[in-house]
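These numbers come from a predicted model, not from an experiment. No hydrogens, no waters, no symmetry mates; every other heavy atom, side chains included, goes into these values.
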Amino acid sequence: MHAAGPRPRPATGTRTQFNLGRALPVLVMVLVVVADLITPDADRVDRLLITVPALAAATWGVYGTIGMGLVAMALRALLVVARGEPEDLLASEGLILGITAASAWVSAVRTRNERDLAEVTAVADVVQRVVLRPLPPRLGHAELHLLYVAAAAKARIGGDFYEAVKIPGAVRIMLGDVQGKGLGAVETASVLLGAFRSTAYDAPDLPALADRLDEGLSRYAAWDPESDAAERFATVVLVELPDDRDTARLLNCGHPAPLLQHGGEITTVEVAEPSLPLNLAGLADSRHRVEEFPFAPGDRLLLYTDGVSETRDRAGVFYPLEERARQWSAVPSAQVPELLHRDLAAYGAGALDDDVAALLVARTEEAGTPPASR
C-alpha cells in the first residue's frame with residue numbers, strides 16, 4: 001500500500017467479507033436443518049453438516065471451530081433420531097468428530113500464521129518509516145506530493161527511493177531506482193538514502209553530492225564484501241531549488257527525464273550530457289553536468305521511476321505519461337498522485353509488476369521576490 005502515497009481503502013470491504021465468512025458455517029447448519037425437515041423423503045442433506053467445522057476453520061479460532069463442530073454433531077444426532085435411524089448415529093458422529101479435530105488443527109496453524117504475518121507487517125512498517133520516511137507536504141517554496149507503491153505483494157518498501165531536505169538557502173530532492181528487486185535492492189536503496197541524508201546538508205553542489213552518493217556505495221561494499229550492493233547500480237535524479245531564484249537545478253544519473261509543466265505546456269527536462277548511474281561511474285571518464293531551467297510559481301516538476309513510464313498494457317504499449325500529464329495540467333497538485341496510481345493500475349490490467357515512485361514538486365511562491373512585493 002505505503003507504502004507512502006495513495007493506497008486503496010480496504011477496511012469496509014474486508015470487514016464485510018470477514019463477517020460473511022464467520023457466518024457461513026451457521027448459515028450452512030440452518031439451511032441443512034430446514035432442507036432436511038421439508039424434504040424427508042429426498043436424499044439426506046444432513047450429511048452436509050460435516051462441512052461445518054471445515055468452513056469454520058477458515059475464519060474462526062480453535063475454540064470457535066470446535067464449538068461449531070460440536071453443534072453440527074448435535075444437530076446431526078437430532079435429525080438422525082427424529083428420522084428413526086439410530087443405527088447411522090455412531091458412524092456419522094465419528095466422521096464429524098474427526099473432521100472437527102482436523103479443522104481445529106488447521107485453525108490453530110492459520111491463527112499462528114496470521115499472528116506471525118501481523119508481527120512481520122508491524123516490523124515492515126517501522127522499517128519503512130526509518131528507511132523511507134514520509135515526506136513533509138511542503139519544504140521551503142516547494143509542495144511535495146508523492147506516490148510510492150512496492151511491486152512485491154504485501155511489501156512496504158522496494159528498490160525505488162526518495163528523499164527531500166531543506167538546507168540553508170535551498171531544497172534538495174533525490175528520487176532513484178535500484179537495479180533489480182527484492183531485499184538486495186532495498187539494501188542498496190537504504191545505503192543511498194543514508195548517504196544522501198548525511199551529505200546533502202554540506203555538499204557544495206549537486207555534482208559533489210552525486211560523488212558522495214557514489215562513494216557511499218563503494219564504502220558500504222568494502223565494509224560488507226558479501227553484500228550484493230556492490231553489484232547493483234542505481235539511477236538517480238537530483239534536484240535543487242534555490243530560495244532566492246525562480247529556477248531549478250537538475251543532475252541526472254541515467255534516470256528517466258522529469259516532466260516540467262509551465263502553464264498548460266508539458267516539456268521533458270533533457271540533460272545534454274547525463275551522468276552514468278551510481279556505482280557505474282568508474283566504467284568511463286565522465287563529469288556531472290547540471291541543467292538549470294526556470295521554475296516559477298505555479299510550475300510543476302514530475303519526477304518518476306521507470307515503474308511508471310514502462311508500465312505496459314495488454315498489447316505491450318508503454319504508459320503514455322506525457323499525454324496524461326497534459327490532461328492533468330489543471331488538476332490540483334495534491335490529486336495528481338492518486339489519479340496516476342489509479343490510471344497506472346487500470347492501464348496495466350490491474351497489476352503493477354515493478355516498483356512505482358513518482359514525486360510531483362510544485363513551486364508555490366516567488367522565490368526571488370521580497371515578501372513585501374508578493
Side-chain angles (χ1 to χ4, degrees), residues 1-3 6-128 149-156 342 345 349-352:
M1 165 135 99
H2 110 101
R7 287 186 176 272
R9 297 181 179 179
T12 302
T14 301
R15 186 179 299 115
T16 301
Q17 294 174 4
F18 178 73
N19 290 339
L20 288 176
R22 290 177 64 88
L24 187 58
V26 178
L27 182 61
V28 169
M29 288 189 287
V30 171
L31 293 177
V32 166
V33 171
V34 172
D36 190 85
L37 292 177
I38 64 177
T39 58
D41 298 330
D43 291 337
R44 291 166 49 186
V45 295
D46 60 309
R47 294 174 181 174
L48 295 176
L49 289 172
I50 64 174
T51 65
V52 169
L55 293 173
T59 52
W60 289 80
V62 175
Y63 295 113
T65 301
I66 294 174
M68 288 292 176
L70 294 177
V71 173
M73 289 176 63
L75 290 176
R76 182 73 188 273
L78 290 174
L79 293 175
V80 169
V81 171
R83 192 182 295 109
E85 301 174 351
E87 65 276 4
D88 294 340
L89 183 59
L90 183 61
S92 62
E93 296 296 85
L95 181 59
I96 297 180
L97 182 61
I99 295 177
T100 299
S103 299
W105 177 79
V106 171
S107 177
V109 173
R110 176 188 59 78
T111 303
R112 183 172 62 251
N113 291 340
E114 288 178 351
R115 183 171 58 248
D116 293 344
L117 178 60
E119 293 176 357
V120 170
T121 301
V123 172
D125 288 337
V126 175
V127 172
Q128 182 192 27
V149 181
K154 306 299 183 183
R156 298 295 198 274
R342 293 178 180 176
L352 299 176

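Here Leu97 pairs with Met73 under the side chain to side chain contact (heavy atoms under 4.5 Å, CB included) rule; sequence neighbours left out. Here Leu55 pairs with Leu24, Pro25, Val28, Thr51 under the side chain to side chain contact (heavy atoms under 4.5 Å, CB included) rule; sequence neighbours left out. For the side chain to side chain contact (heavy atoms under 4.5 Å, CB included) test, residues two or more places apart in sequence or in another chain that qualify with Val106 are Ala57. Legend: residues meeting side chain to side chain contact (heavy atoms under 4.5 Å, CB included) with Ala58, ordered by chain and number and at least two apart, are absent.
Annotation: side chain of Leu75 is not in contact with side chain of Val32 (no heavy-atom distance under 4.5 Å).
With Ser107 contributing its side chain and Ser103 its backbone, the two residues share no donor-acceptor pair below 3.5 Å.
Taking 4.0 Å as the cut-off between side-chain N and carboxylate O, Glu119 and Arg115 do not count as a salt-bridged pair.
Note that CG of Leu95 is 11.0 Å distant from CG of Leu49, once rounded to the nearest 0.5 Å. Interatomic distance, CE of Met68 versus CD1 of Ile96, reported as 14.0 Å (0.5 Å rounding).
Taking each heavy atom of Met29 and Ala72 in turn, the nearest pair found is SD-N, 4.0 Å. Here the shortest heavy-atom pairing between Val62 and Ala104 reads CG2-O, 3.9 Å.
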